[in-house]
2 protein chains.
Amino acid sequence: MTTDAPRVLIIDDEREIRRFLRISLGSQGFAIVEAATGREGIELAREAAFDLILLDLGLPDMDGQEVLKSLHWQCRAPVIVVSVREGEEEKVAALDAGAIDYVTKPFGIRELLARIRVALRAGASVEAAPAQVLAGEIRIDLAQRRVSRSGEELHLTPREYAFLARLAQTPGRIVTGRQLLIELWGPVFEHNTHYLRILVSRLRQKLGDDPRTPSLIQTEAGIGYRLMVEGDTAA
Amino acid sequence: MTTDAPRVLIIDDEREIRRFLRISLGSQGFAIVEAATGREGIELAREAAFDLILLDLGLPDMDGQEVLKSLHWQCRAPVIVVSVREGEEEKVAALDAGAIDYVTKPFGIRELLARIRVALRAGASVEAAPAQVLAGEIRIDLAQRRVSRSGEELHLTPREYAFLARLAQTPGRIVTGRQLLIELWGPVFEHNTHYLRILVSRLRQKLGDDPRTPSLIQTEAGIGYRLMVEGDTAA
DNA sequence: GGTTGGCGTAAAAGTTTCGTAAAAACCGTG
DNA sequence: CACGGTTTTTACGAAACTTTTACGCCAACC
């Protein structure tokens, strides 16, 4: 089945380690984002939603335990600590501070990958974000991956749902056609704008939205689309 | 569950190790049950509900990986493997077979305790899930590992049950095909999607669910499966 | 007033994914 | 070593989904 790649954030100051991890994890189908400092890592973790974070405790700019606490505090993603320090106290401190695992360098990449799979397995059951977006008669349940109209369940195809969910992530805001094409089809399809037109047409039918006076999916000619929601703040 | 002392099952053939663990864990407020063989351990795990299982892979009566698989499918408790073997392949195999952690002997007791706390932390979310799930005529008893239709007991194979139980753990929510394959067969089988199709087909027959208009196991083409439950249009 | 470019719709053709059955391989047990 | 239960392989028809192709609409612009 086609499923989007788990997103992994790597926080490590050593360029070589990052490179190694990027290649190793990338070949396993993970989407990688890198940070070289604690601050940068915390920043990234706050902005985007990751499925897993790999954290080196020996960062130059901040105390490792502090970074760990910050991460654990503000995001849901499980954190695996990677460190050169083997001391038991160090491990206990990290694990009690919220890390889900502690791996000492040098590590076998196959073991690390296995432990990452465990962490993702565990993290999958925790994600209980009650994210729901209401737009007129329509309710979009991002957690359950369901859409209903006036309480009645609607069946959307994978693409249709992906499109709607993308708009629902930034309610009321315009998402450019280019952005949508890249995210849903890939960079190669950047210019196949008619895909969007067909998709939107079918979607509006299912949602019961009149294209002339759209109350849900609004077209911004030459720019993109936006999802109208309850408290819409017209720009 | 969390208010009482967490119940820990120790499966290890060495009396000395058991004694050591019993004392160490006991002093931390855990309730301990011991088993000296694989069979005994599996038996106990099936009967009583434990919060955590500590498993030594070097048992005399059964292959460690077999014990692990049995435990992982039969009960919901997280399993921490304790072993003298340090080989990376050994670790990867155990983690992929369902272990939540792998600790090599000799180990520091404080680290083990910390890892136990992590495992319990992770297991807590699973415990929060309902022990019984009702879906139409079907009743799934996750605590007792039983499934019945209109009060009549159904016999499911280990895989069939594991599949259904996984869906029941997150009622109404989609579980991706990839996730199911990884959890039920292992990461190597990530792409053998036809396993799922065959399993679901047999399962639907047993459950009396029409594939065209499924009221129990719903297919989300290209994504995965979900179990429909009573509160279908949940807020 | 005609032309052009972006948009919306419909139906087809093409591709992927799903469901099922039956045979073959596997596995612990008697 | 044969046996019953289970899993895996193999194969194929049906359904769902995506992409192609074609055409009508409207507004802006020359």
Side-chain angles (χ1 to χ4, degrees), chain A residues 1-3 145 154-164 174-178 180-181 183-186 188-226, chain B residues 38-39 42 61-63 65-67 69-70 73-74 97 154-164 174-178 180-181 183-186 188-226:
Chain A
M1 303 230 175
T2 326
T3 309
R145 204 193 175 93
L154 287 181
H155 177 70
L156 301 186
T157 72
R159 281 258 156 73
E160 286 164 1
Y161 179 82
F163 179 92
L164 193 59
I174 292 187
V175 184
T176 67
R178 185 170 155 277
L180 286 162
L181 284 163
E183 287 186 28
L184 270 64
W185 278 270
V188 186
F189 299 82
E190 189 182 329
H191 300 108
N192 296 31
T193 57
H194 60 287
Y195 285 14
L196 290 176
R197 291 202 294 279
I198 294 163
L199 196 61
V200 168
S201 173
R202 275 201 315 252
L203 208 39
R204 284 209 261 238
Q205 280 178 219
K206 286 190 181 181
L207 300 177
D209 200 20
D210 180 10
R212 287 153 219 282
T213 59
S215 63
L216 297 170
I217 301 178
Q218 204 174 57
T219 303
E220 213 66 37
I223 311 291
Y225 296 89
R226 94 169 67 178
Chain B
R39 283 182 206 293
I42 291 170
D61 64 328
M62 288 179 70
D63 175 43
Q65 301 287 344
E66 289 304 317
V67 180
K69 270 185 206 161
S70 283
W73 282 2
Q74 309 264 334
L154 285 181
H155 173 71
L156 300 187
T157 72
R159 277 238 161 74
E160 286 165 0
Y161 178 80
F163 178 92
L164 194 58
I174 283 200
V175 185
T176 67
R178 181 167 155 278
L180 286 162
L181 284 163
E183 288 187 27
L184 269 63
W185 279 271
V188 186
F189 299 84
E190 189 182 330
H191 299 108
N192 295 31
T193 58
H194 58 285
Y195 286 14
L196 291 174
R197 294 203 295 278
I198 293 161
L199 195 63
V200 168
S201 176
R202 275 200 318 252
L203 209 39
R204 285 210 261 235
Q205 281 177 220
K206 286 191 180 180
L207 300 177
D209 201 18
D210 180 10
R212 285 155 222 282
T213 59
S215 62
L216 298 171
I217 300 177
Q218 202 176 57
T219 302
E220 212 66 39
I223 308 294
Y225 296 90
R226 81 155 52 110

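Letters A, B, ... are given to chains in the order of the sequence lines, protein chains preceding strands, and every chain is numbered from 1.
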What does the list of N/O pairs under 3.5 Å between the protein and nucleotides 20-29 of chain D look like, with a distance for each?
| residue | atom | partner | partner atom | Å |
| --- | --- | --- | --- | --- |
| D:dT20 | OP2 | A:Tyr195 | OH | 2.7 |

Check whether any side-chain heavy atom of B:Leu199 lies under 4.5 Å from a side-chain heavy atom of B:Glu160, and answer yes or no.
yes
So does A:Tyr225 get a side-chain nitrogen or oxygen closer than 4.0 Å to the phosphate oxygens (OP1/OP2) of C:dG6?
no
Picking from D:dC17, C:dT9, D:dT7, which would you name as closest to the side chain of B:Arg202?
D:dT7
State the CZ-CZ distance between A:Arg145 and B:Arg226, to the nearest 0.5 angstrom.
8.5 Å
Quick one about B:Ser70 and B:Arg39 (side-chain donor to acceptor, distance below 3.5 Å, no hydrogens or angles considered), yes or no?
no
Below 6.0 angstrom between ring centroids: does that apply to B:Trp73 and B:Tyr161?
no
Would you indicate, yes or no, if D:dT6 has its OP1 or OP2 atom less than 4.0 angstrom from a side-chain nitrogen or oxygen of B:His155?
yes
Look at all strands and tell whether A:Thr193 reaches a base, only sugar-phosphate, or nothing, counting heavy atoms closer than 4.0 Å.
nothing
Please check the phosphate of C:dA10 (OP1 and OP2 only) for any side-chain N or O of A:Ser201 closer than 4.0 Å.
no
Rounded interatomic separation in angstrom, taking CD from B:Glu220 and P from C:dG19:
11 Å
Taking atom C1' of D:dA16 as reference, at what distance in whole Å does atom CD1 of B:Ile223 sit?
13 Å
Less than 4.5 Å apart, any side-chain heavy atom of A:Arg159 and any of A:Tyr195?
no
A:Gln205 side-chain N/O to C:dA10 phosphate OP1/OP2 under 4.0 Å:
yes
Side chain of A:Arg197 (C-beta onward), nearest among C:dA10, C:dG19, C:dT9
C:dT9
When you check the phosphate oxygens OP1 and OP2 of D:dT6, does a side-chain N or O of B:Arg159 lie under 4.0 Å from one of them?
no
Rounding to an integer number of Å, can you tell me how far B:Leu156 CG sits from D:dT6 P?
10 Å
A:Trp185 vs D:dT18: side-chain N/O to OP1/OP2 distance below 4.0 Å:
no
With a 3.5 Å cut-off and no angle check, do the side chains of A:Arg197 and A:Thr219 form a donor-acceptor pair?
no
In whole angstrom, what separates A:Lys206's NZ from C:dG8's P?
18 Å
Whole Å only: how far is the CG atom of B:Leu184 from the C1' atom of D:dT7?
13 Å
Which comes earlier along DNA chain D counting from the 5' end, the contact point of B:Glu160 or that of A:Phe189, where each point is its nearest nucleotide?
B:Glu160
Do B:Ile174 and B:Tyr225 touch side chain to side chain, with heavy atoms closer than 4.5 Å?
no
